[in-house]
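Below: one structure, written as structure tokens.
Small disclaimer: the values here were computed from a predicted structure and weren't measured.
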Amino acid sequence: MFLNEVSRSVRVLLGQIQGRCPSLPANNITARCMSQAVTRPEPTPEENEAVSPTFVNRNPRNLEQMALAVKDRGWKTTWPHQQFYHRLMFKRSQHHVTAQVFSSSSPVPVLSCSTKEWALKKELPSTNCVVACQAVGEVLAQRCQQAGITRMVYRDIPWTYRSDSVQAFRSAMKEGGIILSEPRRKYIGT
């Protein structure tokens, strides 16, 4: 009984196929006869331009890049000033050169580079010379570009600013595409 029902449904299906493609003989039935072009609905311009009323910005650096984020001003008597999004610190000791990028929201460095790293140390003749400062600047500039940090504040002590090592470090950072100043904060009135 089950077999009769199956054979009858197969015959009905074959009859429908022959009905759709009457030009084909019964023994030359293909699946193309059953396929039809699917019509896709065209999007309306209103759907493309619609913005959700409950939009949440998931990029925490978006306001910072537009210079709209709040900068902590701190006290006027503190040095270095606390009004920055990212701050570059350059230290040169007796044996090594270290550069670190700090975020305004964290005391832990976001990025760092030092001649203590073996990959940098093995390429340098000395770990505290002017060439080492330039190499640290080049590597840190590349790491900043990869992290998406292209602007930062760099304020050095005035009497160390004129040294050859600091100048080599700054020029390597600038050649790497890093701007050593931040835009002024924009204030939008409400």
Side-chain angles (χ1 to χ4, degrees), residues 48-76 78-188:
N48 288 337
E49 296 171 1
V51 177
S52 173
T54 58
F55 175 75
V56 176
N57 182 11
R58 293 194 187 127
N59 184 357
R61 294 193 51 225
N62 191 26
L63 292 176
E64 172 189 314
Q65 291 171 350
M66 294 188 307
L68 295 174
V70 176
K71 290 184 181 180
D72 185 19
R73 293 184 183 179
W75 298 96
K76 288 193 179 230
T78 59
W79 195 91
H81 297 289
Q82 301 297 318
Q83 194 169 354
F84 60 87
Y85 297 126
H86 292 97
R87 180 181 66 198
L88 176 63
M89 296 293 287
F90 177 70
K91 296 177 190 169
R92 185 172 179 219
S93 68
Q94 240 179 353
H95 300 287
H96 292 285
V97 175
T98 304
Q100 297 173 327
V101 177
F102 290 91
S103 174
S104 61
S105 61
S106 174
V108 179
V110 178
L111 294 169
S112 66
C113 182
S114 175
T115 54
K116 295 176 185 176
E117 299 173 12
W118 177 249
L120 195 59
K121 187 178 187 178
K122 72 178 182 178
E123 299 293 327
L124 298 172
S126 173
T127 58
N128 65 347
C129 62
V130 176
V131 176
C133 296
Q134 183 178 1
V136 167
E138 291 171 359
V139 171
L140 187 64
Q142 181 183 5
R143 290 179 185 175
C144 288
Q145 288 286 351
Q146 289 174 349
I149 300 171
T150 57
R151 299 188 78 143
M152 61 189 72
V153 172
Y154 177 62
R155 294 188 187 105
D156 205 359
I157 302 170
W159 55 86
T160 62
Y161 178 75
R162 294 181 187 90
S163 69
D164 292 338
S165 59
V166 173
Q167 293 298 322
F169 174 74
R170 287 188 48 152
S171 65
M173 290 291 285
K174 287 182 179 179
E175 288 172 6
I178 304 299
I179 300 169
L180 295 178
S181 65
E182 286 185 342
R184 292 181 55 91
R185 182 170 175 243
K186 298 174 188 169
Y187 295 96
I188 297 176

Considering only heavy atoms from C-beta outward, does the side chain of Leu140 approach that of Leu88 to under 4.5 Å?
yes
Gap between atom CZ of Arg170 and atom SG of Cys133 - 0.5 Å precision:
13.5 Å
Does some side-chain heavy atom of Ser104 sit less than 4.5 Å from a side-chain heavy atom of His86?
no
Which heavy atom in Ala168 sits nearest to a heavy atom in Ser171, and how many Å separate them?
O-OG, 2.9 Å
Testing the basics here: between Gln100 and Ser112, what is the closest heavy-atom pair and its distance to 0.1 Å?
CG-CB, 3.8 Å
One should read off an interatomic distance between His96 NE2 and Thr115 OG1, to the nearest 0.5 angstrom, of 5.0 Å
So CD of Gln145 and CG of Leu111: to nearest 0.5 Å the spacing works out to 11.0 Å
d(Glu138 CD, Ile178 CD1) to nearest 0.5 Å is 12.5 Å
Identify the two heavy atoms, one from Ala99 and one from Phe90, that lie closest to each other, and give their separation to 0.1 Å.
CB-CD1, 4.3 Å
Testing the basics here: between Thr98 and Ser114, what is the closest heavy-atom pair and its distance to 0.1 Å?
OG1-OG, 3.3 Å
Arg92: what forms a salt bridge (Lys or Arg N to Asp or Glu O under 4.0 Å) with it, not counting sequence neighbours?
none
Measuring from Ile179:CD1 to Ile149:CD1, what's the distance to the nearest 0.5 Å?
13.5 Å
So do Leu120 and Cys113 actually touch side chain to side chain, heavy atoms under 4.5 Å?
yes
CE of Met89 to OH of Tyr154, rounded to nearest 0.5 Å, is 9.0 Å
Sorted by chain and number, sequence neighbours left out, salt bridge (Lys or Arg N to Asp or Glu O under 4.0 Å) with Glu117 holds for Arg143
Heavy atoms only: give me the nearest Gly176-Ala141 pair and the separation to one decimal.
CA-CB, 3.8 Å
Side chain to side chain contact (heavy atoms under 4.5 Å, CB included) between Val97 and Lys91, intermediate numbers included:
CA-CA 6 Å; Val97 175; Lys91 296 177 190 169; over 6 Å; no
Mind checking whether Arg87 and Arg155 have side chains closer than 4.5 Å, heavy atoms only?
no
Minimal non-hydrogen separation, Lys121 against Thr127, with atom names:
CG-CG2, 3.9 Å
